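Remarks on the structure that follows.
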Amino acid sequence: MNPRMKRKIPRIPLVTSEGEVAGQLALPIRKQKLLSAVKETQVKFLSPVDTDYKALVAENYDNFVVQPGTELSSELHTRLQQGFETLLTNGYLYQHRIRFRNKTVMTPVSRTLIGEPGMTYRYLNLRLFALPWTFDDKKKLSDVEKACNAFYELNTYFKDHVNKLITEKFASSTGRKIDETDDSLKTIIQRNTEFKATILNYMDPSEIRLKQEPYYNMGDIAVSWHKDESLVDGSTVAVYNHVPMEARQDCSKWKVGLKVAWDITTPAVCTPLNNKDCYYMLDTMNDTHQHCVIAGTLPRYSSTHRVVESSDSTLCYIQQRCQTALDNIGYKDQIPYLKSLETDVLQLIEEIHSEIEFEWLRQFWMQGTQHSQERQYWLKPMEQLQEDWKTMELMTKLMIDIVVKKKDQSHMIAKILLPSLVERNELRNEWMNRYSEKEFYHIPEEHRPIYEPCWTDANSEMPLPFDLSQHIDIIQECMDTNDSQ
Ligand SMILES: O=C(O)CCC(=O)C(=O)O
Ligand SMILES: [Fe+2]
C-alpha cells in the first residue's frame, strides 16, 4: 500500500494552527464572540483586484510586503525547488501530532524544521529539533544535507533583503537620511534579521479534507488564523512560496490572508501568491496581526524563516543548564554527595532535572524512530543529556535520603521535593498516556512514539523507580510527622 494513502483520512482531529482545532473541541470564548459578531456584521476582505486594496494595505498592513520571485536568482530558485523535493521524497516532511487542550491533533500541513545547528523551536506544545543547515567545510554533503543548505542560502538572502526593507522603512518613517552607524537603526535591523530557523511546510490539497476559513469566507484553510509563537518580539517572518505546477487562475492559487488581531471592523486582505514569490511580515506585524494560508488546488511548499526566541531553545543552553545542576554533585571515596544543600540550589536542580526530561528527552523521542534517524546531529548530544539526567536522578535520590534519615535540613528539602516529585510523576503519566490505544494503532510505525527514558524496578542501574508514588508518600509522611512535632 502506498504509505501516503494511509494519511488520506486522518483518524485524529486536525489542528489547522495555533488555537484552531477542527471539529470536536470547545471554542475559546474570544473566538465565539468573534464568530457571532461575524454573523451580524458583514465582514469583508480585499484582494489585489479590488480598487481599495492598495489603500487598505498602506493604511493597515504596511508591514506586509510581497516580493515577486523574479528578484531572486534562478540558481537559488532551482536549488530551493530541488531542496523541497529531496526532503519530500526522502520522507522528511510529515504531519505533526501535537497536544492541544488535552487532545492529540494532527496538523494538515507536513513540516520539518531546518536551522542553525542545535536550534529548536517550540510550537503547539511540540519542540521541533532542527536539521542543521550548515556543515563543517570538509564534510561531503548528502543530498538531504545539500537540500538543507539551500535554505541556509535563502536565509542569507532574506537577511540581506529584510535589512534593506527595514532600512528604507526606518528612513521614511523618521524622515532621516540613512545612516548605517545609527544605533537605533542597527538594533532594529538586528532584531528583524537574525533568522535562526525555518519551518518548511508542504501540503497536497487533494489528500486532505480542509475546513472553510471561518470569518470571511476566503476558501479552504490550510493554516488557520494565528500569530507565530516563540519569536523575538517585533521580528520579521520571511516566507518563500513554491508551487511546482502553477494554477493559472487566481481562484485556484494559494493565498495568504491577513487580519488585524481580534478585529472585524478593519477589512482583512487575501493575496494570491505565484510560484517563487516571497512575502514578508515585517517588524511588529506578527505581534499585531494574524495570518492564515488559504489552499490552492495544487500541492505547495513554503519555507518560513523566523527570528526564534532562542534564550531557552538551543542545545548550548540546555547543556549549560545541565552543567549548573551537575556542579552540585561531588564524590568522596567514590561515594556521591550534594555539595550544597541551599534551598535555591536544590530547587534549581529539580527544575533543570524536569526541564531536561520533559522539554528535551521526551520531546525528542516521542517523535519516533524516523525522526531520530533523520537527526544524526542530535543523537550524541541526546545521549549525553540522558547521562546527565540520570546523574540528576541520583541527586534527587540523595535529597530523598536526607529527608528519610531526618537529617538537619530534611524539612526544608522535603518542601522542595514534594511538589517537584508530584509534578514529575504527573508529567510522566501524561507523556506515557499521550495516545489512546486506538490512536496509537493508527500511527505509522516509523512515527510511533518512543517512550524514553523508561525503566522498570528491575533496572538496578537507576537510582529511583520510574513511578515516584511511593517516594512521594514517604516524603509526605516525613513532612506530616515533622509538622506535628
Ligand atoms: O506557508 C505559509 O505561507 C505560512 C505558514 C505559516 O503561517 C506558518 O508555518 O506558521
Ligand atoms: Fe505562521
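Each ligand, and each atom within it, is numbered from 1 in the order the structure gives. Everything numeric in this text was worked out from a predicted model, so none of it was measured. For this chain, numbers begin at 1 and follow the sequence in order.
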Less than 6.0 Å separating the ring centroids of [X] and [Y]?
X: F84; Y: F151; value: yes
X: H161; Y: Y280; value: yes
X: F129; Y: Y377; value: no
X: Y202; Y: H242; value: no

Is ligand 1 less than 4.0 angstrom away from at least one heavy atom of [X]?
X: V239; answer: yes
X: I199; answer: no
X: Y123; answer: no

Does the ring of W431 carry R434 above it, NZ/CZ under 6.0 angstrom from centre and within 45° of its axis? yes
For ligand 1, the portion of R300 having any non-hydrogen atom under 4.0 Å away: side chain
Tell me which part of D228 gets within contact of ligand 1: side chain, backbone, both or neither, using heavy atoms under 4.0 Å. side chain
Minimum-distance N/O/S atom that D228 presents toward the Fe ion (ligand 2):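 Result for D228 and the Fe ion (ligand 2): OD1.
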With no hydrogens and no angle check, just 3.5 Å: does a side-chain donor-acceptor pair link E374 and Q370?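 Q370 and E374 do have a side-chain donor-acceptor pair below 3.5 Å.
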Rounded to 10°, how many degrees is the angle NE2/H226-the Fe ion (ligand 2)-NE2/H291?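 It rounds to 90°.
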Would you mind finding which of E229, R306, K255 brings a heavy atom closest to atom 10 (O) of ligand 1?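 Selected option, by shortest heavy-atom distance: R306.
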